[in-house]
Amino acid sequence: MDYKQLIVDSIDLAGLDGQSVYDLIVAPKDSAMGDLCIPCFKFAKEMRKSPVAIAEQIAAGAKIGGMIKEVKAVAGFVNFKFDNALYASQALENVLKQGENYGKSDEGKGKTICIDYSSVNIAKPFHMGHLLNTALGGAIYRIYKALGYNVVGINHLGDWGTQFGKLIVAYKLWGNKEDINKRGVRALVDIYVKFHKEEEKDPSLSDQAREWFKAIEDGDKEALELFEYFKAITLKEVDRIYKRLNISFDSYAGESFYNDKMQPVLDELKAKGLLVESDGAKVVKFEDDLMPPCLLQRSDGATLYATRDMAAAFYRKNTYDFYKCLYVVAYQQNLHFQQIFKVLEMIDCDWDKDMIHVAHCMVSLESGSMSTRGGNVVFLEDVLNTAVAKAKAVIDEKNPTLAGKEEIAEQVGIGAVLFGVLYNSRIKDMVFSFDKVLNFEGETGPYVQYTYARCNSLFDKCGEMGNEIDYNGLDNDSCKAVISLLDKYPEILRESAKKYEPSVVTRYAVDLSQAFNKFYFENKINTEREPIKNARLALTKAVRQVLGNALGLLGIATPYKM
RNA sequence: GCACUCAUAGCUCAAUUGGAUAGAGCGUUCGGCUACGGACCGAAAGGUUGGGAGUUCGAGUCUCUUUGGGUGCACCA
């Protein structure tokens with residue numbers, strides 16, 4: 001239902017353009033003022049009148065009736081109040097009719113979005129920083145899918161580079177296969193950290209590492225076997241985590257995948273005269289030295305990170321013909337992506353504007369920034385397990401007879417962690433602490449899950465809702481707050497997608513939960529008056545539906561009870 | 001040094017993209033289950049939106065400036 005259009009149709013435009021009025025209509029800051037309003041300030045010049053006078057004129061000429069129950073001019077705003085019962089009936093029936101499709105649309109039909117996210121590094125720990133990245137990417141993936149886009153999730157594996165030479169040297173010196181099979185990446189990290197310590201004392205280790213990496217490049221059998229072994233160990237562990245986080249990918253084409261796809265890019269840059277020599281290396285320079293040059297080939301002929309990303313960009317364009325290509329990567333890489341995108345612009349491809357770096361913050365520890373080399377990391381699995389254990393303890397305390405405790409603890413614990421990293425806007429730096437992750441009260445995942453379970457519990461008590469519904473049973477402020485939030489959900493999804501900000505959905509889930517819990521305390525739902533009870537159950541059902549839809553987009557489970 | 005970015009209540013963060021009295025949670029103090037789940041709800045206290053100037057009907061939001069933090073700046077990824 002397009003209520004903005006309804007308002008435009010109900011007023012005397014007095015020469016104003018209908019569309020521009022339409023675009024201005026928003027919900028007032030304070031819902032007590034009304035359901036929608038027109039701020040009249042922008043018309044002041046055109047109409048040569050004060051906003052206050054314009055608002056009064058519009059309000060005086062507005063037709064009242066049907067949905068529009070009251071129109072009032074206040075300080076340059078025209079506030080419209082809806083008929084609560086009618087609004088409730090329309091909004092709730094809309095949610096219930098569409099069910100799990102409520103909020104979805106087909107606006108992305110025929111368009112493909114590539115999302116590069118998670119992009120794990122082989123033989124490195126999966127820590128809180130990766131979790132943020134992975135959760136963001138996964139949520140954006142689902143949000144775009146809900147809007148009808150064809151989405152391609154790409155895990156651009158960090159499976160190439162000199163660090164694998166280092167790892168082989170470390171493995172041959174101190175590696176213990178039994179230990180690695182048992183402890184996985186942790187064991188690899190241990191010897192990797194040790195390598196960097198020993199390297200300071202014995203610089204010849206660096207040369208050995210370079211040689212071993214060269215051996216990988218040259219296809220040496222032993223080197224490749226070890227490299228594949230490290231990769232298998234890492235992927236096995238990471239897959240286990242992805243399963244728990246409800247994450248999947250359509251492509252695992254990582255850095256090594258582009259080994260044979262870089263030369264054509266270099267050739268094209270050369271042909272266009274963009275690739276120039278500088279100190280023996282090949283670079284692309286930017287006009288007016290806007291940025292440092294983009295280094296694409298080392299003086300020894302080897303390719304670099306940027307070369308791979310250029311090759312990947314072309315490959316993705318050719319393979320998927322994307323509408324947009326998103327890179328969910330921390331803001332550390334700002335310069336890198338600015339350079340890549342600028343080079344694409346200089347090369348005259350007409351899709352450089354479709355490349356978007358969805359930059360997010362860094363996650364640090366109270367003991368400083370995370371570093372694999374320095375050994376200052378918290379493994380994500382430890383965080384997840386701790387959160388699940390806490391959830392289990394809370395259930396044992398509050399709901400000891402609950403069936404299926406283990407599974408529910410998993411859902412609640414992981415939900416808390418995911419919700420926590422998706423709650424703030426992605427650009428704000430985060431300091432990880434167990435205290436924050438283990439908080440299950442207030443603006444948290446468990447709070448929203450609890451609200452969801454509370455809805456279920458109401459149906460257990462009241463039975464299913466009947467057919468006779470009196471929407472006048474929803475005619476008070478707390479009901480209205482819930483209904484206007486429910487009505488807003490599709491717009492929330494669009495906003496979240498447009499901003500590449502899952503936190504818009506996360507915060508909405510909290511807002512809706514708060515509004516519902518207030519409603520719950522102020523209205524008796526299980527009343528003897530059936531039509532009133534049915535109206536309140538309809539609202540409960542709609543809230544449960546929308547909370548479930550929203551949490552689903554975030555990758556968070558909705559246990560029936562908890 | 002240059003570029004990017006952040007700064008809002010004691011703490012963690014919002015603010016419909018320039019709109020009405022800047023809002024939540026945590027923490028603190030007080031109150032609430034014979035009404036359906038207290039992982040909840042209500043109330044109170046808490047603000048010169050880092051400082052200064054400007055743009056205009058109107059600025060937390062835009063511009064300039066200044067301070068403080070983070071990140072990046074050529075053969076790592």
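From a predicted model like this one, the values you see are computed outputs, not experimental measurements. Quick note on labels: first sequence line is chain A, next is B, and so on, each numbered from 1.
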Answer with base, sugar-phosphate or nothing: what part of the nucleic acid does [X] contact at a heavy-atom distance below 4.0 Å?
X        : result
A/Asp309 : nothing
A/Val431 : nothing
A/Pro292 : sugar-phosphate
A/Met291 : nothing
A/Tyr447 : sugar-phosphate
A/Asp279 : base
A/Ala302 : nothing
A/Leu335 : sugar-phosphate
A/Lys461 : sugar-phosphate

| query | Considering heavy-atom distances to RNA chain B, does A/Ile427 or A/Gly161 have its closest nucleotide positioned more toward the 5' end? | reply | A/Ile427
How long is the line joining [atom1] of [X] and [atom2] of [N], in whole Å?
X        : N     : atom1 : atom2 : answer
A/Gln163 : B/C76 : CD    : P     : 12 Å
A/Lys342 : B/C4  : NZ    : C1'   : 16 Å
A/Gln333 : B/A3  : CD    : C1'   : 16 Å
A/Tyr305 : B/G72 : OH    : C1'   : 13 Å
A/Phe519 : B/C40 : CZ    : C1'   : 15 Å
A/His196 : B/C76 : NE2   : P     : 13 Å
A/Trp160 : B/A77 : CH2   : P     : 11 Å
A/Gln332 : B/C76 : CD    : P     : 18 Å

| query | Partners of A/Tyr22 by side chain to side chain donor-acceptor pair (under 3.5 Å), sequence neighbours excluded? | reply |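 A/Tyr22 satisfies side chain to side chain donor-acceptor pair (under 3.5 Å) with A/Asp2 once adjacent residues are dropped.
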| request: Report yes or no: is there a donor-acceptor pair, N or O only, under 3.5 Å between the side chain of A/Thr162 and the base of B/A77? | output: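 Under the 3.5 Å cut-off, the side chain and the base do not form any donor-acceptor pair.
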| query | Do we get A/Lys342 above A/Phe286's six-membered ring, with its NZ or CZ under 6.0 Å from the centre and within 45° of the axis? | reply | no
Using 30° and 60° as the class boundaries, would you call the ring planes of [X] and [Y] parallel, tilted or perpendicular?
X        : Y        : result
A/Phe337 : A/Tyr327 : tilted
A/Phe516 : A/Phe519 : tilted
A/Tyr315 : A/Tyr258 : perpendicular

| query | Syn or anti for B/U17, with syn set at within 90° of 0? | reply |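 The base of B/U17 is oriented syn (glycosidic angle within 90° of 0).
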Using atom types as modelled, flag every donor-acceptor pair under 3.5 Å from a side chain in residues 299-306 of chain A to any protein atom, sequence neighbours excluded.
from	atom 1	to	atom 2	distance (Å)
A/Asp300	OD1	A/Arg298	NE	3.2
A/Asp300	OD1	A/Ala302	N	3.0
A/Asp300	OD2	A/Arg298	NH2	2.8
A/Thr303	OG1	A/Arg308	NH2	3.3

| query | Counting only side-chain N and O atoms of A/Arg454, is one of them less than 4.0 Å from OP1 or OP2 of B/G38? | reply | yes
Who is the Watson-Crick or G-U wobble partner of [N], with both distances under 3.5 Å?
N     : answer
B/A43 : B/U29
B/U16 : none
B/U49 : none
B/U61 : none
B/G72 : B/C2
B/U8  : none

| Under 3.5 Å, is there a donor-acceptor pair linking the side chains of A/Ser433 and A/Asp435? | no
Indicate every side-chain donor-acceptor pair of residues 395-420 of chain A with a distance under 3.5 Å to a residue at least two apart or in another chain.
from	atom 1	to	atom 2	distance (Å)
A/Asp396	OD1	A/Lys405	NZ	2.8
A/Asp396	OD2	A/Lys392	NZ	3.2
A/Asn399	ND2	A/Met562	O	2.8
A/Lys405	NZ	A/Pro400	O	2.9
A/Glu410	OE1	A/Arg244	NH2	3.2
A/Glu410	OE2	A/Arg244	NE	2.8

| said: Any non-hydrogen side-chain atom of A/Val482 less than 4.5 Å from a side-chain atom of A/Leu512? | reply: yes
| task | Kindly state which residues belonging to residues 390-399 of chain A come within less than 4.0 angstrom of RNA chain B, counting heavy atoms of the residue only, listed by number. | result |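 Per residue number, the list reads A/Val394, A/Ile395, A/Lys398.
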| Out of A/Lys81, A/Lys488, A/Lys480, which one pairs with A/Asp35 under the salt bridge (Lys or Arg N to Asp or Glu O under 4.0 Å) rule? | A/Lys480
| remark: In 5'-to-3' order, the base (B), backbone-only (S) or no-contact (-) status of each nucleotide in nucleotides 14-30 of chain B, using a 4.0 angstrom heavy-atom cut-off, is S-BB-BB---BSS----
| request: Not counting sequence neighbours, which residues clear side chain to side chain contact (heavy atoms under 4.5 Å, CB included) with A/Ser118? List them please. | output: A/Val120, A/Phe126, A/Asn133, A/Thr134, A/Asn155, A/Tyr242, A/Phe249
